[in-house]
2 protein chains.
Amino acid sequence: MFKKFKIPDATIGRLSMYSRYLIEADKKGITTVSSQHIAKATGVTPAQVRKDLAYFGEFGTRGVGYNSRELYNYIMKILGLNKQWSVAIVGAGNLGRALSQYKGFNQRGFNISCIFDNDPKKIGKKISNINIYSFDSLAEKVKDFNIKLGIIAVPASAAQEVADKLVKAGVRGIINFAPVNITVEENIILRRVDLAAQLEYLTYYLEEI
Amino acid sequence: MFKKFKIPDATIGRLSMYSRYLIEADKKGITTVSSQHIAKATGVTPAQVRKDLAYFGEFGTRGVGYNSRELYNYIMKILGLNKQWSVAIVGAGNLGRALSQYKGFNQRGFNISCIFDNDPKKIGKKISNINIYSFDSLAEKVKDFNIKLGIIAVPASAAQEVADKLVKAGVRGIINFAPVNITVEENIILRRVDLAAQLEYLTYYLEEI
DNA sequence: CATACATTGTTAAATAATTAACAAAGATTT
DNA sequence: AAATCTTTGTTAATTATTTAACAATGTATG
Ligand SMILES: NC(=O)c1ccc[n+]([C@@H]2O[C@H](COP(=O)([O-])OP(=O)(O)OC[C@H]3O[C@@H](n4cnc5c(N)ncnc54)[C@H](O)[C@@H]3O)[C@@H](O)[C@H]2O)c1
Ligand SMILES: NC(=O)c1ccc[n+]([C@@H]2O[C@H](COP(=O)([O-])OP(=O)(O)OC[C@H]3O[C@@H](n4cnc5c(N)ncnc54)[C@H](O)[C@@H]3O)[C@@H](O)[C@H]2O)c1
């Protein structure tokens, strides 16, 4: 297998979904699943499931299907989730707090190691046992905790500054929740998540003519 | 113009971005912008900008560009944002609270009208002046407030039940934050937002081989 | 052990989306 | 007012993604 050539972004997202179904199936004692089962559970076509998996290798048995646990492990490996990742959240506001307390990240191998803010009233406090550090100490802490992933949850006006500091400190992948376009050097993986735009997608389709 | 034929989903998302840039430009007194300006600011190609707009009509002047305010208004109309939308959030947990307090939705014409939860300790309380109602009263309130949009912020196990109730009450568009596939009838617009999957997209690219 | 059945992996075909190219239209310069 | 420069809208070419088809491979059955 493996990441030699360009694979559709959508495939990566679907692998996440598949893996969630597979771990559930395994928990329920369903040891073998077919592309049809996976497809049904995740809302895609069976051909799509097989195509997605085929990018990375052969994981099934013809006439039988896939072993749930085994395929789960393969997918987690493909996604880089066969290890723990330390994550920094920048911005201890509404969104930063919600994300900091989210148990779901842990279940997938993500550790929110620290939170950064520039508000003196917040620095030194904790959010469910995670320390809030000053924005100034970001570089130092990112190195201490070996953090490679960062989440930007600050106002749009500060997003680029935060991204620059994260990258300089050694962060390699960033999720930006601020509704603004930021730029990073070539080799940094950047993902923008625009929640208002999601609502607007709905209204686009609901508004007639 | 208009929505006669299938337009790429990605186009809709980009229109949101363009509109954010345009309102900023207009505020700064930049009355005319080119596809190149828009492209630069939003991280796409100028050809893409023109193509996206061309789906809906002719909004510019050759040799000149687009009037910022005018194009902004057109795009907002296309997105169905030339009016107010009432929104219900189901789940007054970490995420529901963060979303309820988010000012950015208001700026785009979204009103969080009410929040629903089934925890007796939360029902009757308020989150920044928005009432938390019982899950049982959902149908009633959705009708009272003429709510057409719903946000699901409950545990995965409850997501399908919540979706069913929203749809039955008259909601036409749903954003689902629970990491699970839910199904709704044909004419309902459903959008799944999987935040853990966004992190996994990063790790996919960061993990070598 | 031959036949029927199930399901994968792969190749081909069909669709969709992006990028590039350029004529058309307007502004600016000389 | 002719020539030059800009920038759009549109068409064509390219690239990417999804869907469909099916041969290959395995299991189950009589
Ligand atoms: N709250 C939501 O549900 C929501 C939804 C969609 C998008 N967003 C976006 O996410 C971002 C955060 O939203 P929020 O609601 O949490 O905002 P918020 O105002 O509640 O919190 C922002 C936090 O960032 C801190 N901050 C500001 N500048 C900083 C800097 N340079 N370094 C470090 N910290 C800094 C502030 O002190 C504050 O604690 C915004 O860009 C917002 O548009 C939020
Ligand atoms: N917190 C985050 O940052 C985050 C990030 C990604 C995804 N999510 C997803 O969003 C959802 C909510 O996450 P959270 O962290 O806010 O969880 P949470 O446990 O903090 O809150 C869930 C809320 O839903 C309520 N609830 C449960 N069943 C209900 C029902 N049937 N009707 C009405 N209310 C009900 C609970 O009482 C609780 O208040 C989950 O599916 C989670 O996986 C959350």
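A note on names: the letters A, B, ... follow the listed sequences, proteins ahead of strands, and every chain is numbered from 1.
- Mapping A/Pro8 and A/Thr61 onto DNA chain D by nearest heavy atom places A/Pro8 at the nucleotide closer to the 5' end.
- In this structure, A/Arg50 atom CZ and C/dA12 atom C1' are separated by 14 Å, rounded to whole Å.
- What separates CZ of A/Phe56 from P of C/dG9 is a distance of 14 Å, to the nearest Å.
- Both A/Val64 and A/Glu58 lie close to DNA chain C; mapped to their nearest nucleotides by heavy-atom distance, the more 5′-ward contact belongs to A/Val64.
- Nucleotide C/dG26 holds its P atom 17 Å from the CZ atom of B/Phe59, rounded to whole Å.
- Taking B/Asp119 as the reference, nothing meets the salt bridge (charged side-chain N to carboxylate O under 4.0 Å, His left out) condition, with sequence neighbours excluded.
- Qualifying salt bridge (charged side-chain N to carboxylate O under 4.0 Å, His left out) partners for B/Arg192, counting only residues two or more places apart in sequence or in other chains: B/Asp194.
- Among pairs with a residue in residues 92-118 of chain B, those fulfilling salt bridge (Lys or Arg N to Asp or Glu O under 4.0 Å) read A/Glu200-B/Arg108, at least two apart in sequence or across chains.
- Atom CG in B/Asp9 sits roughly 18 Å away from atom P in C/dT15 (whole-Å rounding).
- For A/Arg69, the salt bridge (charged side-chain N to carboxylate O under 4.0 Å, His left out) test picks out A/Asp26, with sequence neighbours left out.
- Contacts between chain A and DNA chain D, taken as any atom within less than 4.0 angstrom of a protein heavy atom, begin and end at D/dT17 to D/dT27.
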Indicate every side-chain donor-acceptor pair of residues 143-155 of chain B with a distance under 3.5 Å to a residue at least two apart or in another chain.
residue: B/Asn146; atom: OD1; partner: B/Lys148; partner atom: NZ; Å: 3.2

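- In this structure, B/Asp52 atom CG and C/dA16 atom P are separated by 17 Å, rounded to whole Å.
- The nearest whole Å value for the distance from the NZ atom in B/Lys6 to the P atom in C/dA16 is 9 Å.
- In the set C/dA23, C/dT18, C/dA12, the nucleotide with an atom closest to the side chain of B/Arg62 is C/dA23.
- Taking atom CG of A/Leu71 as the reference point, atom C1' of C/dT7 lies 14 Å away to the nearest angstrom.
- Residues passing the salt bridge (charged side-chain N to carboxylate O under 4.0 Å, His left out) test with B/Glu24, sequence neighbours excluded: B/Lys27.
- Between A/Gly63 and A/Lys51, the one whose closest nucleotide on DNA chain D sits nearer the 5' end is A/Lys51.
- Checking side-chain atoms of B/Ser137 against main-chain N and O of B/Glu140 turns up no donor-acceptor pair under 3.5 Å.
- Residue pairs that meet the side-chain hydrogen bond (donor to acceptor under 3.5 Å, both in side chains) test with at least one member in residues 162-189 of chain B, sequence neighbours left out, are B/Gln160-B/Asp164.
- In this entry the distance linking CD of A/Gln48 with C1' of C/dT11 reads 16 Å, nearest Å.
- A salt bridge (Lys or Arg N to Asp or Glu O under 4.0 Å) check over residues 47-60 of chain A, counting only residues at least two apart or in different chains, returns the pairs A/Arg14-A/Asp52.
- Comparing the end axes of the helix from C/dC1-D/dG30 to C/dT30-D/dA1, each fitted to five base pairs by superposing C1' atoms of four pairs onto the next four, gives an inter-axis angle of 0° (nearest 10 degrees).
- Near DNA chain C, meaning a heavy atom under 4.0 Å away, the residues from residues 30-38 of chain A are A/Ser34, A/Ser35.
- Legend: ring-ring contact (aromatic ring centres under 6.0 Å, His included) pairs involving residues 167-201 of chain B, not counting sequence neighbours, sorted by first then second residue: B/Tyr201-B/Tyr205.
- No close placement of the B/Tyr66 and B/Phe59 rings is indicated, their centers lying 6.0 Å or farther apart.
- Side-chain atoms of A/Tyr204 and B/Thr11, non-hydrogen and from C-beta on, never get closer than 4.5 Å to each other.
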